[in-house]
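Below is one structure, written out as structure tokens; the observations come after it.
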Amino acid sequence: MRSLARKSVLPLTLVIVGAAAVVGYAAEETHTSRNNGRSSYGKSGEPGQTPQDQDPSATAPAQDGTAYTPRRTEENARIGTVFEKDDHGAHFCTASVVQSPGRNMLITAAHCAFDADARKPVDDLVFAPDYRNGDEPSGLWKVNKVVVDDRWAKSQDEDLDVAFLTVDPKDGKNVQDVLGGNSLGIDRGFNNEVKITGYPTSRDTPISCQNRTTKFSDTQLRIQCTDFEGGTSGSPWLADYDPKSHTGTVIGVLGGHEGGGDEDDVSYAAYFDNDIAKLYQRAQDEDGN
């Protein structure tokens, strides 16, 4: 069993309740008024400096951890912003579609979706995939369930800072039917080439970064990627993207140690081990699939 991490002393941290499995991006916490966005724990919701946009016609992105503005692609379309209630306030976290039998599941950081002070899930979250400058190609998807590990809900164990969300169908279709989904990677090791895509609160377009992960501890991954500030909590760490199947494998989500990190250029993720596999299975079971 993991030792429990100390509870964050930062105000108004968001958390989630659940436990789950094997298929498979990060934010900060705190709960301020919707119109002003959330104050942050880790990397959710606090505006900062903006990275330089990359021209859409630019050649292949850098592999050295430098942030760039990604093109609109099928791969990037299943990553989006998390808002509270609707899209009139600030987006404060990032989430992405993960494969599930019910075809309606997202993955993000636990501190994005569970209010630790109230000891309950945030009940009015919405997901805007492929959000850019107010444009929402597939609309807003309402979250109907939040699943986090019970140990994270009780003590904010940073090694369990992962949440699975289910969303309501739209127009008779599940989100995975519309956007596809990535698989979840369990026990993939600490050294992986990944692409991370997230939505800083200070921007209305996403940023991406590609680099190799390193081992921070036996239960935490670390990566150097520039400009991953508040709002990027929950961003997926995607490995092994296959352009033929249009799927990749999520091996982490931005969060974990210090809520994803207290520096914009260094980020963390809880290692996906058997605890996360059980959490994902629990999320499927609670979804009735």
Side-chain angles (χ1 to χ4, degrees), residues 20-27 56 69-84 86-87 91-109 112-113 125-147 162-185 194-199 203-210 231-254 272 280 283-284 287-289:
V22 219
V23 196
Y25 291 123
T69 302
R71 301 172 181 84
R72 263 191 152 145
T73 64
E74 186 174 1
E75 173 188 357
N76 296 327
R78 61 186 63 137
I79 305 164
T81 58
V82 177
F83 291 91
E84 217 176 339
D86 54 37
D87 57 0
H91 53 85
F92 58 90
C93 276
T94 302
S96 61
V97 184
V98 67
Q99 294 173 8
S100 70
R103 304 183 68 80
N104 58 6
M105 194 168 290
L106 313 178
I107 188 170
T108 188
C112 290
L125 299 177
V126 293
F127 174 59
D130 204 18
Y131 180 87
R132 300 196 184 213
N133 298 311
D135 180 33
E136 299 158 356
S138 62
L140 289 175
W141 298 75
K142 179 175 174 52
V143 174
N144 61 40
K145 184 172 294 184
V146 172
V147 179
V162 178
F164 293 94
L165 320 179
T166 56
V167 296
D168 290 334
K170 280 176 62 69
D171 302 323
K173 293 183 178 180
N174 292 314
V175 68
Q176 190 177 325
D177 299 328
V178 177
L179 300 172
N182 295 310
S183 64
L184 193 74
V194 300
K195 175 183 176 183
I196 304 177
T197 299
Y199 282 83
R203 291 168 55 97
D204 279 331
T205 54
I207 61 171
S208 289
C209 158
Q210 293 175 227
T232 59
S233 286
S235 303
W237 296 28
L238 194 68
D240 302 333
Y241 183 76
D242 182 354
K244 292 183 178 179
S245 66
H246 305 287
T247 60
T249 301
V250 180
I251 66 165
V253 293
L254 203 153
F272 282 7
Y280 179 63
Q284 293 182 69
D287 191 36
N289 295 293

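In this structure, the separation between CZ on Phe92 and CG on Leu125 is 5.0 Å, given to the nearest 0.5 Å. Considering CZ of Arg78 and CG of Leu238, their distance stands at 8.5 Å, rounded to 0.5 Å. The distance from the CG atom of Asn182 to the CD1 atom of Ile251 is 12.0 Å, given to the nearest 0.5 Å. Residue Leu106 holds its CG atom at 10.5 Å from CD of Gln176, rounded to the nearest 0.5 Å. In this structure, Glu136 CD and Phe127 CZ are separated by 11.0 Å, a value rounded to the nearest 0.5 Å. Atom CD of Glu75 sits about 10.5 Å away from atom CG of Asp242, to the nearest 0.5 Å.
Summarising the geometry of Phe83 relative to Ala128, their closest heavy-atom pair is CE1-CB, 4.0 Å, with the distance given to 0.1 Å. A pairwise comparison of heavy atoms in Ser208 and Thr197 identifies OG-OG1, 2.6 Å as the closest pair. Residue Gln99 comes nearest to Gly181 through the heavy atom pair NE2-O, 3.0 Å, listed as atom of the first residue, atom of the second, then distance. Between Val178 and Trp141, the shortest heavy-atom distance links the atoms CG2-CH2, 3.9 Å. Closest approach of Met105 to Phe164, counting heavy atoms only: SD-CD2, 3.9 Å. Taking every heavy atom of both residues into account, Val194 and Ala239 meet most closely at CG1-CB, 4.2 Å.
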Please assess Tyr241 against Lys195 for the test side-chain contact (heavy atoms from CB on, under 4.5 Å), listing each intermediate value before the final yes or no. CA-CA 9 Å; Tyr241 183 76; Lys195 175 183 176 183; over 6 Å; no
Chi angles and distances behind the side-chain contact (heavy atoms from CB on, under 4.5 Å) call for Cys112, Val82: CA-CA 8 Å; Cys112 290; Val82 177; 5.8 Å; no
Could you please spell out the steps behind the side-chain hydrogen bond (donor to acceptor under 3.5 Å, both in side chains) verdict for Thr166 and Asn104? CA-CA 5 Å; Thr166 56; Asn104 58 6; 5.4 Å; no
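Among residues at least two apart or in separate chains, salt bridge (charged side-chain N to carboxylate O under 4.0 Å, His left out) pairs with a member in residues 164-185 are Arg103-Asp177.
Formation of a donor-acceptor pair under 3.5 Å by the Tyr131 side chain with backbone atoms of His91 is not found in this model. Here the side chain of Asn76 pairs a donor or acceptor atom with the backbone of Arg71 at under 3.5 angstrom.
We find that Lys145 and Asp287 are not joined by a salt bridge, their nearest charged nitrogen and carboxylate oxygen being 4.0 Å or further apart.
Residues Ser96 and Val98 fail the side-chain proximity criterion, which asks for heavy atoms closer than 4.5 Å. Side-chain contact between Thr108 and Leu165: present, with at least one pair of heavy atoms (C-beta onward) separated by less than 4.5 Å. Taking 4.5 Å as the limit, some side-chain heavy atom of Ile79 sits within range of a side-chain heavy atom of Thr94.
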